[in-house]
Structure formats: structure tokens, C-alpha cells
Amino acid sequence: MAASCSVQVPRVLHFQLIDGMQLQINVSGCSNKRNARVEFQLKNCTRTWILHWGFLYLGNRNWYIPSGEDSSGAKTYKQGALQTPFVKNGDIYVVTIELRDPKIHAIEFLLKDGSQDRWLLKLNHGNFRVEVPEYDASNPLPCIPKELIDRKAYLIWESRGRPQSSPEQQKKDYADALTELQNQLRKGMSLNELQSSYMNARTKMKAQDDVQPSRPVTPSSYLRRHDVEKWLQRQSKGPNETKAGHSSLALMDLVEKSAGGNNVVSKQNYIVGIYEIVVLSKVLSGDYHIFVALNVRGTAILHWGVSKSSAGEWLAPPSDMLPEKSKMFVGACQTYFTEKTVGGRPFQKRNFVGIQFVIWCGGSWIKNNGGNFFVALQRVLPIRKVNGYSNGIVKWLLDEISQREKEAERSLMHRFNIAMELTERCKAGGELGLVGILVWMRLMRCRHLTWNKNYNVKPREISEAQDRFSNLLQRIYLNQPNDREIVRLILSFVGRGGQGDVGQRIRDEILMVQRNNDCKGGMMEEWHQKLHNNSSPDDVVICEALLNYLRAGFKLDVYWKTLHAHGLTKEKLASYDRPIVSEPCFRMGAKEGLIRDLTMYLKTLKAVHSGVELESAIDSCLASSLNNQGFATADRVNVYGGLSLKLQDCLNFVKTHIGDERIGPLMEKLLESRIEIRPLLLTPHRLAKELLFLDLALASAVRTTMERGLKDLNFANPPEIMFFISLVLESLCLSTVKNEDLIYCTKDWYRASESHKSGDAQWALQTKAILDRLQIILSDRAVDLQIKIQPSAEYLGKLLGIGKTTIDTFSEELIRAGSAAVLSMLITRFDPVLRKVISPVEVSGFVSSVNELITVQNKVYRKPTIIIATRVTGEEEIPDGVVAVLTSDTPDVLSHVSIRARNSKACVLRIAYQNLKYASPHALIKILSGISSQRKDVRDLADLLTRILMNCFSLTCSDIGDSILPLSSLVPSISRRVTLRRKIFCGRYALSLKEFTTETVGAKSCNIKFLRGRVPSWIRIPMSVAIPFGAFETVLSLDVNKDISTKIMFLRKLVNGGDVSKIQEIKGAILQMSVPVSLTTELTSKMKSSRMPLPDKGGDDQWNRAWQAIKKVWASKWNERAYISCKKAKLNHEDLRMAVLIQEVICGDYAFVIHTKNPLSGDTSEIYAEIVKGLGETLVGAYPGRAMSFIVKKNNLKSPIVTCYASKKIGLYCKPTIIFRSDSNGEDLEGYAGAGLYDSVLMDEEESMVLDYSNDPMMVNKAFQTSILSKVAEAGKIIETLYGCPQDIEGVVKDGMIYVVQARPQV
């Protein structure tokens, strides 16, 4: 059956040539069967002619010379073609070519007059072309099941953007699907392979009646879910655990014990097949010692040499530095491994760059991904502080970059060669070395550094240098998982490059463009000379500018506009070593030919210089895939031509639809492509580098496509917005190394998307909690990158003389260029929609208008103030006293001002001008800014403000008139009559629960004693003992602590004299105190009698940890916040005494805090509580995010109402252990809230875990949630009844049981 969507290849071709000559070409056989035969016949020929030819692969315009073809008499012509003379056969001249390569798609050729040395071209100055049939159309094909055709037809419809289709179009899709499947069968795929490759496609054509062409996506696409946990990447612990495979710590431990663990500079692990190799470097007295270990028994030989000037150099080592059992061997040293011992000899300050080695074992060489192992000898020396940043830099690297910049600016070849050498040397030294390379490459790419200066270099040489450098980066990406994000950033500023004729084509093809279009002078010749002298990424821009100029009808302003948009001015063009000073000028008839040829030439330029340009990245992968011959037949179910059919379909869809206005289907295919590529990036692959560049290009396209489509999104339609947020979030997960928190947010986001109910406040609360958590994650990532990158940027920028503005915004620009930025924009615009669903926000304050928020950021407002600001950049502080900021700007959730606002519980809200009468938000702000502060004006403004604020922000705004609402009304006042009564030591170091009194322990301990035995049995109170008041002072007064006591007394005088900085030294001194045996003995006795677990399972080490924890509680009396708080309350800090409440830790599922009087509203009939996963420290401590909160009426405990869902990303967990709680006499005093000022310390360190809420029953199981929250509230009500006043209660939920660990009066 003839293919309806393809043209059958002609079997006979005829061409009428000059002087009456005729050319007939007969084609037989097919490439699929490797029996293609092409016969050229010249008729009416009187002279000797030569066939000048080469063959083409599908999707590639470049000629290839056949290998192993039957081409007798053929001679190679300039390594780019073959020349075969025609042989006379009767009245005609004949050349016959037989083709055995199944990938050959066509033959291109020219005819050359051998006697007159002239070329015979086809019309339009092009080559002759003969396409080779892929298959024999006469072969019978198996019957294809209708279900399989339906699946393929669906994919065809989907690839066209899911349009509304008529019955006729559906029939055409079906016919096209049948034809494509038949073509694949003819290519050699079996029917079973076809069925398997389309197994995951949906089986039925979706009804398309309800598809809305005006919307970016169809409703059916909103609900989508991937198994994102497969993408989970946890960062390895430690800077050296970044090698291929899974390392066994046993070998590393053996090497460290043998070599000694001190003065270690670096540790490297390699897994090569069954072999594990450990390399440890030490520095002793300035000399390097290298230790190499291998996990095998039997004979193994280290074959090694030294590198003196560069990492790629291999020299024989000096004889006086050879280890034992070594011998010299033709430019190298061979050293025999010895069993269970390792050794090394110093490199004696010889200034070597490093050593290279391979290992001979088991009859074969052990290599590092086909290359040598390299151990750098340049020590990584971070500096502690650079321009205000506390994080380190790799100083030697940045200094050397600066020193070698003069050499690097000669050409891009020099720069990439130096970059490769330095990267080899620093790659094993941790992430900061690669950060230095990143900073340098970005400064280069942004043209802050010179690309070429007085040096001629061939494009092929630049391309090969790029290729070597990018290959190294790809290997680092594979072998050092922790560094992948930095490597991705570096690669985004480095082109792919290539070996062989990849770079050479830049020179050759520009000549063809000039020759074909008769444009050998003027600007084109100047550009030609520049390309021959030193090609660079600027050439991509120049080619694009020429194409835009031609397409616009030879308009020079379009040409210059394109150049200027990329920073190329007349001065820049004239500054090249081969300057371009002319403007383009072509004849009108050359337009179409130039557009065609320059379009193809642009692909050649991008293949070398533009690593993350999407079209060239796709073409590179697809072309390389088609050239693949090495895959096994068994793999063809999932892989055909090197890449899966699904990936190829996705990539072809992306190429076709990259400019679509309806971005939904395109975004889905971009993500599906990335998902298909991901597993290929994590294992060695023939197309590893091409796939990595493709993934970078796809990630960039996700961002740019989303930015382009923002204007068309309907933010009032939550399913649509949630769909796009999920796409961008998935893309961010795929690009991020430490992505556990993002993965869990994505799972939670799927759940929220699937449970959407319009107008449901509980759904909005859950969804907003996920957005809040994402805000925290994005903010933390931005800060982390800033801290990691900015010091190197500032240090290197200063050395290289880069402008201050460029350096100051260096990290910020990097952050804004990623997927996180567009996700931030989506969150910023969606958040107000959720706020309106949840509830109005009530804000009371005086209105003040400013032009720029930054001008008042340091001002202190004495009255609660709502600021209306024309300009909010995102970098400002929220002024003291401000309760809300209204602006027409859109501060990003990553911005400083948004974070400050959340921390200070102020609102930063954007005026949604589409909901107002006014033409723009700036016009509104101008009106408000012009209103004076007179009383009448304020009255006239009340109605306007109320309407505006209610409509725009879900705010309640009221005219508070002349009344004064001072800030003191928002902050609890401190009574001046509060006093501390100094407690006296009772003479015992430990007390049991029944011995607790108000004279010996604080309110925490006494309250536990009060509750025990009074609460119902379902409320559990943990057993407790205590170290009483005065124990600290008594231990300090012992002779063994005499010196420490003297030191503390001296420091106390300094602190009381005003030198608060000495507080830290007091805390440090307390931690040095020695414990009396009697304290340990008494504490052990009381804990045993109370049936509490003893800290003796680990011997003395456990008791030492317990003792340290007790001292930390005592030392917390001397923390700056508590000390200043006492002073402000006019309390005598010397009268403060610290008891220690000791309890067994309940390792619960949740921790909670209850306020039996709602602290937000003051409603005594209502309980307010907060709950978190894990230990309660994340609830009461300064951990980012919100806890789950709820309110419930005391007369209806079975109906709790959740007011906020959890957004904390970290939970704390621990093994069964003991906690030592501060219990001072300065807590819970009437008029002074001292609780929370002092520390409680776990004996064993807790473990932090990234939280996954997607399957948490508290979030997803309404019945479970109601049951637990009701129990918590009931426990609070019972305890309040026992005390007769509102209570602040802390507790734990474990296996559905309620544990109360402390209670105090609510202050």
C-alpha cells in the first residue's frame, strides 16, 4: 500500500544537461536490505566526465565518504568527497555504486568536466540528489490490529495540539497512522515490537467536543501524575562521596587507619565494574603523600606518571621518589600493590600539578571511564571571609584564573583548554572549585572577557577544545552526583563543540553560501574572514540578524535591532581581529537562496556554539540516534535508532509546536521528553553529552514557554493554574540534586489538584500550605546559591576588573534564569486567589503613601500603618510598625521584602487593577498619594479605600479616626512590679516526682506533679525526675571547678558593666565544668526508683552526653536574649535559678501545643492548638513554615475547624532517649513571660527529615484528623478545668494516644 503521507522514491531519474547531454539514473534494491544499487548513465557525451559525490544520512546535510563501498577507481577529494571517472560502455558512459550501509538516505553529486576543469551544477546552483529507497514496497506486510492503529492515530492528533477534528480529519489521521506503522514494519520492526512501543499510549481517541481552542490546555490534561519518587536525589554526605557507584566505607576506613587520619587533603572513591579504588592524599611538612588502594587479592600493578604543567600531561617520575616494589617502564613507573598495606612517599615540593595512573589487574586495564585516573596535588585552600561572605572560595584556582586570563583571551580555544586543565585539577576538591569555573565561564559568555585577541585559530580547533571540555564536564556530571547542578550551569555557558569536521564545516559551508548566492564581497567577505580567523558565539547572532534582515525585505534596522538585542554594536563588530565594518547588501534575486542556505548554516553554528539552543540540541540527538548501529535487537522494543520511540515522538512534537500560542500540549511534551531522558543521564550512554545538552535546552524551554504563556492564563480557574504549576514544579525536580522537599511538594500538589472543589475553604487552606512550603524552599535555595556562588564572583570579579554592578547582581541573575523564577511568578499570582477563598484578612492602621518603599525601610512608625507604595523592588525591609504594604508591583516570593513580611506577619499585597475602575494601578496609587492628611480628606477616602481593599486584597479597612492605636497595643506590656525570689539549694542533687516543691523546682516540674494522677488514664504523663534549684551554683563552687568559677565571676562583672559580648564566654566556661560523682550517683538512684531508662547503655560516653546536656541547660541562663529580657523587666539576673526537669522522650508521630483561650481573638470559649509531625522543637523553635492549626468550641469538641495546614518542610525525630528541660524560677510569672527563653536539650542528637505530607493521615484522612484533633482539644479542656484558668499545654500524639509533657498558665 502506497504511503499517503510520503512520496515513493523514483526508481529511474532523467536530467537534461548542457550540449545535449542526458543523465539517466537507475536505482534498484533498498537500504533496509543492504542491497541498494545506483547506476549513473551519461548519454550523448563526447568528453571525459567525473562523478564528484558523497552520501547523506537522514536529517544531515553534510557529505560522508563511504567506507567499504564498491567504488573502484574512486579517489578521495580533499577528505570531503569521492571522485569517480565515468567508464565508457558502448555508446554511454557509466558509474555504478553499490551501497551496503542501511543508514544511507541519499547520494548527492556534481559532474566535473575532466578536460576543462569545470563543474556542472543543477538548476539554482545546487547539487544533484538521488534518494535511496529504505524498503522494498513489493514485500507483503502483516495485518496491523485496529487497536494499534487507533493508538497511533491518537498520538498523531495529540501531536497537532489536540484540535477539534471533523470526521474527515479523523479518517485522515487513521490513514496516516496506518501508513506510518507500515513504514516502521518495512524498516525491520516486528509487529510485537510495534505493539510494545505504543503500549503506554491511550487506546481511544478522546472526545473532542468540549475542547476549547481559546484555552491553553484541555480540562482532561489537568489531572496528571508521575511517579516522582523515582526522581528522588538526596545529596551525598560529605564532599568526597561523589563518585560513580556505591562506595564501601570499609576500604576507605582501612586506608585511613593505615595512613593515619590526620592532615588528609582529599579522599576519592571510584567504582569500576567489580573493582573499588580509594585514593587518599595527605600533606605532611609541606610534602604530599598519595595512598592508592584496590579491593582485590593477587597481583595488581599501578602504572603511573606525573603531570608538571597541566592535568593532561604524563611524564616519568623522578627515580628518587619511587615507592617500594617499583620499576621504571618507558616513560612511566610501575608499582606493585602489597596486600593489606598502603604506602606513599613525599613528592618533596617538586611543584607537580598531579599524578596520573591506570591499574593492571586480572589481565586487563582498569581505567576511569576510558581515561586515566588523576590526583590533583594543588591543595584547595578556602578563605574564611570575602567581602562580607562567610563561605569559602578556592583561592588558588581563582588566582590562577586571573593570572592566565591574558593567555585565555587570545582565543576561545585557549580559554577552553585552560578551563579543562583547571577543572581536572579542582574537580575532586569539592563543589567550590567548580563554582570558580562557573563564574569564569559566565563572565566569558556574557562578554565581560575578551574572546579573541591577536590570534588566528581555525573553527575546527575551537570546536575540538569545546568538545574536550564539555566531555569532561559530562563525565563529572555522571560521576559526581552532588555537583550536577553546578555542572549544568557551567554547560549552559559552553557550547557542545565536536571533533573531526564539526568545526571545519563552519569554514567550508560559509564558502558554499557565498558561492551559491554570488555574495563574495562586502559584509559577507568580512564575516567570512572573521569566521576563518576566530569563530565565536557572536556568529550565531550575526547569522540570525542576516536572516531577520532578509525576511523583513532587506531592512537594515531589523538587522541592527537583532544585533543590539544581543549586545553587538558597530563598535563591537569593528573590534574583531578581522573587523566587520560593512552592512549587508544583497541582490533581490538572492533572497530565497540566502534564507535557505543561511538557515542551514545557522544550524551548523549552533551545533558548535549553542549547547542549550533547543532546535539544534534536538537535531543533534536525533541525528546521532539515527547514526547508531550498536544497539542490540532485544532493545528495539523500547529503543529504535538509539532513543525510545516515545522520546523521538515527543521531540518531533516539540520542534513542530515550539511557537504555539496554546502552550499546554507543548509544555506536556517538554516534560515528557525530560522524563524520558532522565534515566539515560544517570548511566553511561553513547549519546550522554548530546542528551545532557538536550535536557538543558528542554529545561530552558519550559521556563521560556511558561513566561511567554503567563499573559494568557486564567488565574481565576484554579485547575488550569495548578496544572501549569505542576509542570514547572516537575521540571524543577528533574534539574535539582537535593530535591527531596520538592518531590514531596509535588506529590502533595497532585493530591490537591485531584481534590479541587470550587469555593472550598479547606481545600484552599491545604493548597496554600503547599505554596507556602514552596516559597520557603525557593527562598532557601536562592540563599544557598547566593552564599555558594557570590564570594567567588566577587573575588574573581575584583581580580579581573569587572564592573561592580555586574558582580553585585551575579548570583541573582543566575537564580532568576532558572525554573525556580517562573515557579515563583506562578505562586505570586495564584496566592491572592487562594486568600480570597480562605477568608478576608483584617488590617487596621493609618494609611501612608510613598513613592518607593526603600525610602522608608528604616523608619519606625509609632502607629500601626498601612503603606501604599508605587515601587517595591523586593530588596527592602518592612519598616517597624507597618502592618500591610499595598503596591502595584509584584514582589517575587523569592524577594527579601516578601520573606521579611512573612516573618513580621505583615501583608505585602498587589493591587489587582483589573478588578477596579481605574486604567492602571499606578493611576490609583497616584490618586491615593495625592490625598492630604486633613481630617475631611480621610473621611472622604474611607468608602473608596474600603471598596478598593475589599475587592483587591480581601482586606477589611476601617476609618479609625482620631483614635490613637499605638504599637504598644499590639505587644504585651511588661509589669514593672515583677520580682524574682532567689531559691536556696535543698542539699540534694536529684529529686523524684513526689519530692517536687515550689521551693526546689520550677513551674514545669510542679505542674507535671499536679497533673499526674488527676487526669484520665487516656492522657498519659511521662515519669520525671529533676535537678533542683541551686545545684548549678553548688557544683560551680566545688574545688574541682574553682578556676572556672573565678573566670565566670570575672566575666559576670564585665557583662553587668555593659559588655554583653562576654555572655558567650560565660556559656563556654560553664560547659567546661566537671561533674561530681555524688550528682551522678544520686541521679542514677532517682531515675531507677522512678523506672526511667538510665543513660548507661553506651557506658561512660552516654553519661558524658547526659552531663553535657545538663550543663547546656544551666548555661542557657546566660543567653543574650534572656539576659536582656530580664534587664528590660527590671529583674535581677543574679536571682535567677535554673532547675533541670528530666523526662523520657516520647518519640511520637505528632507534637502539639494547646492554648485553651484563643490567643488570636481572646475568646475563652474557644481552644486554639497547633500540631506538627515529629518532635515539638519545630513547633516552638525557629523552624521555617507553619504548623497545622485548628480551633474548636469547648461545647462542641467533636467539630474542630482547621485554620491552617502544615507547611514546615523539616521534622525532627530521635531514638528513645532523655530530654533535659530548663525549669527556672523566672518562668510563668504574672506579667512576665519567661517561657521559651531558656533551652531544653536532648541527650542524643535528633535527626532532621524532609516531610512528606502527601500520605499523612492528618492531611488526607478526615476521620483520623477529626479524631486526633478532638482528643487533643479534650485533653486541653480537662487540664484547664483542673487548674481553673487558661493553660498553655505541650504534648505528643503516639499511636493515637495523648501524652502531656508540660503545662503552664497561658500568658
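Everything numeric in this text was worked out from a predicted model, so none of it was measured.
No donor-acceptor pair closer than 3.5 Å links the side chain of E672 to the backbone N or O of C650. Using modelled atom types, no side-chain atom of D173 and backbone atom of A153 make a donor-acceptor pair closer than 3.5 Å. In this structure, the side chain of S735 engages the main chain of S731 through a donor-acceptor pair within 3.5 Å. A distance-only check finds no donor-acceptor pair linking the side chain of D695 to the backbone of L691 [under 3.5 Å]. Under a 3.5 Å cut-off, the side chain of N652 and the backbone N or O of Q648 do form a donor-acceptor pair. T704 places a side-chain N or O within 3.5 Å of a backbone atom of A701 that can act as its donor or acceptor partner. Side chain of S700 to main chain of L696: no donor-acceptor pair is present (N/O by atom type, distance under 3.5 Å, no hydrogens or angles).
Counting only heavy atoms from C-beta outward, the side chains of T84 and I50 never approach each other to under 4.5 Å. A heavy-atom distance below 4.5 Å is found between the side chains of I97 and V95. At least one side-chain heavy atom of R708 sits less than 4.5 Å from a side-chain heavy atom of I663. Between Y174 and D176 the shortest side-chain heavy-atom distance does not fall below 4.5 Å. Taking the side chain as every heavy atom from C-beta outward, L727 and V702 never approach each other to under 4.5 Å.
Between Y601 and C543, the shortest heavy-atom distance links the atoms CD2-SG, 4.4 Å. Summarising the geometry of I658 relative to L666, their closest heavy-atom pair is O-CD2, 3.6 Å, with the distance given to 0.1 Å.
Atom CZ of F724 and atom CG of L713 lie 5.5 Å apart (nearest 0.5 Å). Rounding to the nearest 0.5 Å places CG of L181 at 6.5 Å from NZ of K152. In this structure, E108 CD and R129 CZ are separated by 5.0 Å, a value rounded to the nearest 0.5 Å. Expressed to the nearest 0.5 Å, how far CG of L651 lies from CG of L643 amounts to 7.0 Å. Interatomic distance, T96 OG1 to E39 CD, rounded to the nearest 0.5 Å: 4.5 Å. Here the CD1-OG1 distance, from I725 to T746, works out to 11.5 Å after rounding to the nearest 0.5 Å.
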List the steps, then state whether side chain to side chain contact (heavy atoms under 4.5 Å, CB included) holds for V27 with V12.
CA-CA 6 Å; V27 183; V12 180; over 6 Å; no

Checking side chain to side chain contact (heavy atoms under 4.5 Å, CB included) for the pair D227/K230: CA distance, chi angles, key distance, verdict?
CA-CA 6 Å; D227 187 4; K230 290 182 178 179; 3.1 Å; yes

List the steps, then state whether side chain to side chain contact (heavy atoms under 4.5 Å, CB included) holds for D467 with K689.
CA-CA 10 Å; D467 186 58; K689 187 174 75 172; 2.5 Å; yes

Audit row: S616, K603, side chain to side chain donor-acceptor pair (under 3.5 Å) steps and yes/no:
CA-CA 6 Å; S616 65; K603 293 183 178 181; over 6 Å; no

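Using the six-membered ring where Trp is involved, W63 and H52 have ring planes that are tilted, between 30° and 60° apart. Ring geometry for W231 versus H226: interplanar angle of 30 to 60°, hence tilted.
E592 has no carboxylate O lying under 4.0 Å from a charged side-chain N of R596, or vice versa, which leaves the two without a salt bridge. A salt bridge is absent between D649 and K669; no separation between the charged side-chain nitrogens and carboxylate oxygens falls under 4.0 Å.
The 12-atom threshold is not exceeded at NZ of K171, counting heavy atoms of other residues, nucleotides or ligands nearer than 6.0 Å.
A donor-acceptor pair shorter than 3.5 Å can be found between the side chains of Y750 and E730.
Aromatic ring centres of Y93 and F40 lie farther apart than the 6.0 Å criterion allows.
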